Amino acid sequence: MRFGVVVFPGSNCDADCYHVIDKVLAEPVEYLWHGDRDLKEVDCVILPGGFSYGDYLRVGAIARFSPVMEKVLEHAAGGGLVIGICNGFQILTEVGLLPGALVRNPSLKFQCHNTRLRVERNDLPFTSLYKKKEIVEIPIAHGEGSFVADEETLELLEKENRVVFRYCDENGEINGISNPNGSLNNIAGICNEKGNVLGMMPHPERCAEEILGGLDGEILFRSLAGWRQGGDVA
Amino acid sequence: MKKEFWRKMGLSEEEYGMIKGILGRDPNEVELGIFGVMWSEHCSYKNSKAVLRSFPTTGERVVQGPGENAGVLDIGDGQGVVFKIESHNHPSAIEPYQGAATGVGGIIRDIFTMGARPIASLNSLRFGSLKSKRSRYLFNGVVAGIAGYGNCIGIPTIGGEVYFHPSYEENCLVNAMCIGLIDIKDIAKGVAQGPGNPVLVVGAKTGKDGIHGATFASEELNEKSEEKRPAVQVGDPFMEKLLLEACLELIKTGYVVGMQDMGAAGLTSSSSEMASRAGTGMEMDIAKVPRRETGMTPYEIMLSESQERMLVVAKSGAEKAVQDIFAKWGLEAVVIGKVTDDGYLTVKEGDEVAARIPAKALTEMCPVYAKEAKKPEYLIKAQEYDLSTLPELGDYGQVMMTLLGTGNIASKEWVYRQYDYMVGLNTVVGPGSDAAVLRIKGTNKGIAATTDCNARYVYLDPRQGGQIAVAEAARNLVCAGALPLGVTDCLNFGNPEKPEIFWQFKEAAAGISEACRTLETPVTGGNVSFYNETKGEAIYPTPVVGMVGLLEDISRVMTMGFKDEDDIIILLGENKDELGGTAYLSVIHGLEAGKPPSIDLEAERLIQRTTLALIKEGLVKSAHDCAEGGLSIALAECCIAGGLGADVVLSEEMKASSLLFGESQSRIIVTAHKEKMEKVLSRLSINKVPYKVLGNVGGEYLTINGSGWKVRLAVCDMEEKYRRAIACYMDM
Amino acid sequence: MFKAVVTITFKKNILDPQGSAVHKALHSLGYPEVSDVRVGKHIEVVMDVDSDEIAHKRIEEMCTKLLANPVIEDYQINVAVVE
Amino acid sequence: MFKAVVTITFKKNILDPQGSAVHKALHSLGYPEVSDVRVGKHIEVVMDVDSDEIAHKRIEEMCTKLLANPVIEDYQINVAVVE
Ligand SMILES: Nc1ncnc2c1ncn2[C@@H]1O[C@H](COP(=O)(O)OP(=O)(O)O)[C@@H](O)[C@H]1O
Ligand SMILES: [Mg+2]
């Protein structure tokens, strides 16, 4: 599995994702410059966290017009894997690959801390090595991560089983207290219909080494790395 | 020249005379403006230089001491740690969000100007009481500003400190520290070498903002301060991120001769300092400087403090290559002049000469003053206060809970949860512990960092307070398993023209000096911030010590939380009957009096080295120093951090309040597995370190048994109090 | 020259935490008469075009393309001539 | 009931990074006619007061106390009656 990490001028988790794939997983990985229309034939595109173009107007708003995104859209349409983490998730909703939007945390504050997530499905290339309903700990770090969508969209997401991660408590309960940012239905991550595009607010790359406090995020990258190349997405 | 004009520039009559002497003629307005900022305290250190000379600045590991944009220490393998602290107090008091944000931006530039990649930030903050609306407004804005800038640029904010005290009510303190990592061979300096080499302005456009920021920082705040609008700027962290990446890419090419960020006094200070350091001159056509607004005068362009700009001296012929790199990042890089060999700073607008001044006249030739110093009256009274008459409160558990819930001791989680402290994947120990620890990828090493200053001690005895600030910083690093390496300091004081303030400053600096010598932590840079007063009232003297340390083996990193049931708790150091200057006195008795705790620097050093050896040998499982609130609070913090209780006996014959809440220095709490205890104790005996076995870890309660008294508190109750306190105030 | 002022507000069903925070703050500052607060964005775009009509058309386009996100936001446009 | 609309923008000489970012983005999206962009805040405050005059007085106060920081921002107020 060849990975590509997109670099927007204001990305700041690009090197972190690269590090995990290169040094922890020892898998091939390339940087993809925002101004180039070239995905370097990678299998999985990562849109990393950060502040793509400063995020001054709306998070992810300007990034969606960058040349590389044209190719990412094509890649996704052809069934290629795409994962957007944090700012990457915001970009995916702006560009329309995923529904809904991410708005300001009700606390009006940037929030950086660990969260517990329940893995809602493990039949995806991104989550195949997690157990179903497994509770994992992955940190968030965002000011605008509150997931919103209109009612129909939300219903559709639930009906089609497209919620991949939900904020939960230590027993896996989904409730208000375990919801750090007011996301509807405690949504932390969703996928598209085909299941080849994932967006999530928490940062799996930040817990992929024991010394940094956990390995729950590494499982996601290992799932991807082990996914059969060209294999069908469930 | 009219007297009002040079007075307005902050110059004295003698200084004006000197300038005329240097130039051999009357200066014009532009020249006077340039002298005004360069000879301001903020840029010239004219009132503090003589005192700062006493700092130890050399050592085996010092690659770059004071004088450059930041200090550099050798950490082995050809790598260096680059670090510096700086104040942004006055702007933050006027516009907390932007003031703090641009403070962070400024110190980050100092680090990457050296060619280093910034890897972490810290900050040291002081506000008035949390009960005050204005303080909460400032606190809220400052933290948001630090977060807004640091999170966006992607540099983790890994630690710092926050204190609340009424003396900061109007004049908050915002000190920002940044740490970078560099291959020593790649260090870039702020020098304009090689006559004929091109000089470029890179980064953001120049606007009218911040004109006279340096002079502003060299005056007291008053009702008129709010009118000094231009002195506050708006930061653009995205622009700085672009500038950072472009500069680091540029330095790799080898085309850079010298580089300096445009901080206080903008183009003026960067050009004159770069020329002065190299012994060269510089000629610039400011008509070429890209600007944001029309109709700017030479005076305004030279003095603008627009953020996110750098001055670069490149190798001749490399102009295009430099411009290409900046273009890739969407930035401008414009040649505005060249290095000359005449020693003059020549500012032209087109063909017109707007200013012509010897570069060294602006730097080295600035007069240095030895101010009058006088021991303040308050000190004698405060130190003589008779503490023996204090009533002994019975319910020590209640006192502990009260202390855990005061802003100065309570968890700073409300603050650091707003900071992205993880980005970069190096944060092994984040905020909330004694010191933060970063790993260095590709090696087994780690760097630890902290900032510290107990201003109450400094107020009650500036020299001793200065010593303790250094000792505590070093102790915090040691508790993380790191060897303290060096210091950057930010000396925040009132108006130095008052002999009492200057005395505080001199004494505190002397204390820092002494401690740095004994603990072998040279000072590689820092910052002085005077005039922190409002309406004639000075802040508490606050010499903040920023310190970095080295872990040779990151796997030996240490944290303060208790680890396992039945581990043995050992206290290194001695409990003394010292309540002067404590949090207990201040919070419970409303008193800020007495002599601060004594400190024996040699004993401190011994305890620190011994603790470090125990950690390196893997003999202990946790380490935490006793600081504000004393032994009882330190124990509570170990319990809360580890989620475990403890059973402790304090058998000494001493007043319970002194034993529990006294803040005697040079004490560290460690825990060890039962089977390692003998070995630990024998090490301590051999090293002649005084110690006491206090008890053991376990259960859900912290129980402290004294002679005739007992404290028993549930860990979860203490945690609730400790973690929620600041949020409670801020939700008001 | 034309100046278009675009006002962007959250759709009715979207929570406006900034508005609520300001509302709360105003109450605690002693303004009980305040019964609702909404916070939105104000964007001024100066354009060098020939007619009011073109100005309208172009700014409308900018709004749908970039300035507003129709999933969460409504916008309102005002165009005026400037010297 | 009165509704006050407060528009808050950075002062003229103050850098407006948001405005510059949008300006740049609009250019690269094919709107070269855009010559300036400023981004500010739009705040709607609904008040239950008796007269236009009081509404003005109170909102003016709220602006200086909380809504705007006169050090870097200008504000503009518009008050209208609402049902
Ligand atoms: N302004 C701040 N920014 C980030 N972290 C902070 C800040 N203030 C305090 N902290 C963190 O809270 C912890 C406790 O700080 P402090 O009370 O100064 O402890 P100590 O007495 O050990 O120096 C430290 O880990 C520190 O890094
Ligand atoms: Mg401290």
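Reminder, nothing fancy here: chain letters follow the sequence lines and each chain counts from 1. The shown structure was predicted, so the numbers you read here are calculated from the model rather than taken from an experiment.
Proximity to chain D (any heavy atom under 4.5 Å) is restricted, for B/Tyr137, to the side chain, taken from C-beta onward. In this structure, chain D has a heavy atom under 4.5 Å from the side chain of B/Glu293, while its backbone stays farther away. With a threshold of 4.5 angstrom between heavy atoms, B/Gln98 approaches chain D through side-chain atoms but not through N, CA, C or O.
Partners of B/Glu249 according to the salt bridge (Lys or Arg N to Asp or Glu O under 4.0 Å) rule, which considers only residues two or more places apart in sequence or in another chain, are B/Lys328. Taking B/Tyr168 as the reference, nothing meets the ring-ring contact (aromatic ring centres under 6.0 Å, His included) condition, with sequence neighbours excluded. In this structure, the side-chain hydrogen bond (donor to acceptor under 3.5 Å, both in side chains) partners of B/Ser306, at least two apart in sequence or on a different chain, are B/Asp209, B/Ser304.
Between D/Lys12 atom NZ and B/Lys208 atom NZ the span is 11.0 Å, to the nearest 0.5 Å. B/Lys205 contributes atom NZ, which lies 11.0 Å from atom CG of D/Leu15 (distance to the nearest 0.5 angstrom). Here the straight-line distance linking atom CD of B/Gln233 with atom CD1 of D/Ile14 works out to 8.5 Å at 0.5 Å rounding.
For residues 22-56 of chain D, heavy-atom neighbours of chain B at less than 4.5 Å comprise D/Lys24, sorted by residue number.
No side-chain heavy atom of B/Val234 sits less than 4.5 Å from a side-chain heavy atom of D/Asp16.
No more than 12 heavy atoms of other residues, nucleotides or ligands sit less than 6.0 Å from atom NZ of D/Lys57.
The heavy-atom pair separating D/Asn13 from B/Arg292 by the smallest distance is O-NH2, 2.7 Å. B/Gly235 and D/Pro17 get closest at one heavy-atom pair: O-CG, 3.7 Å.
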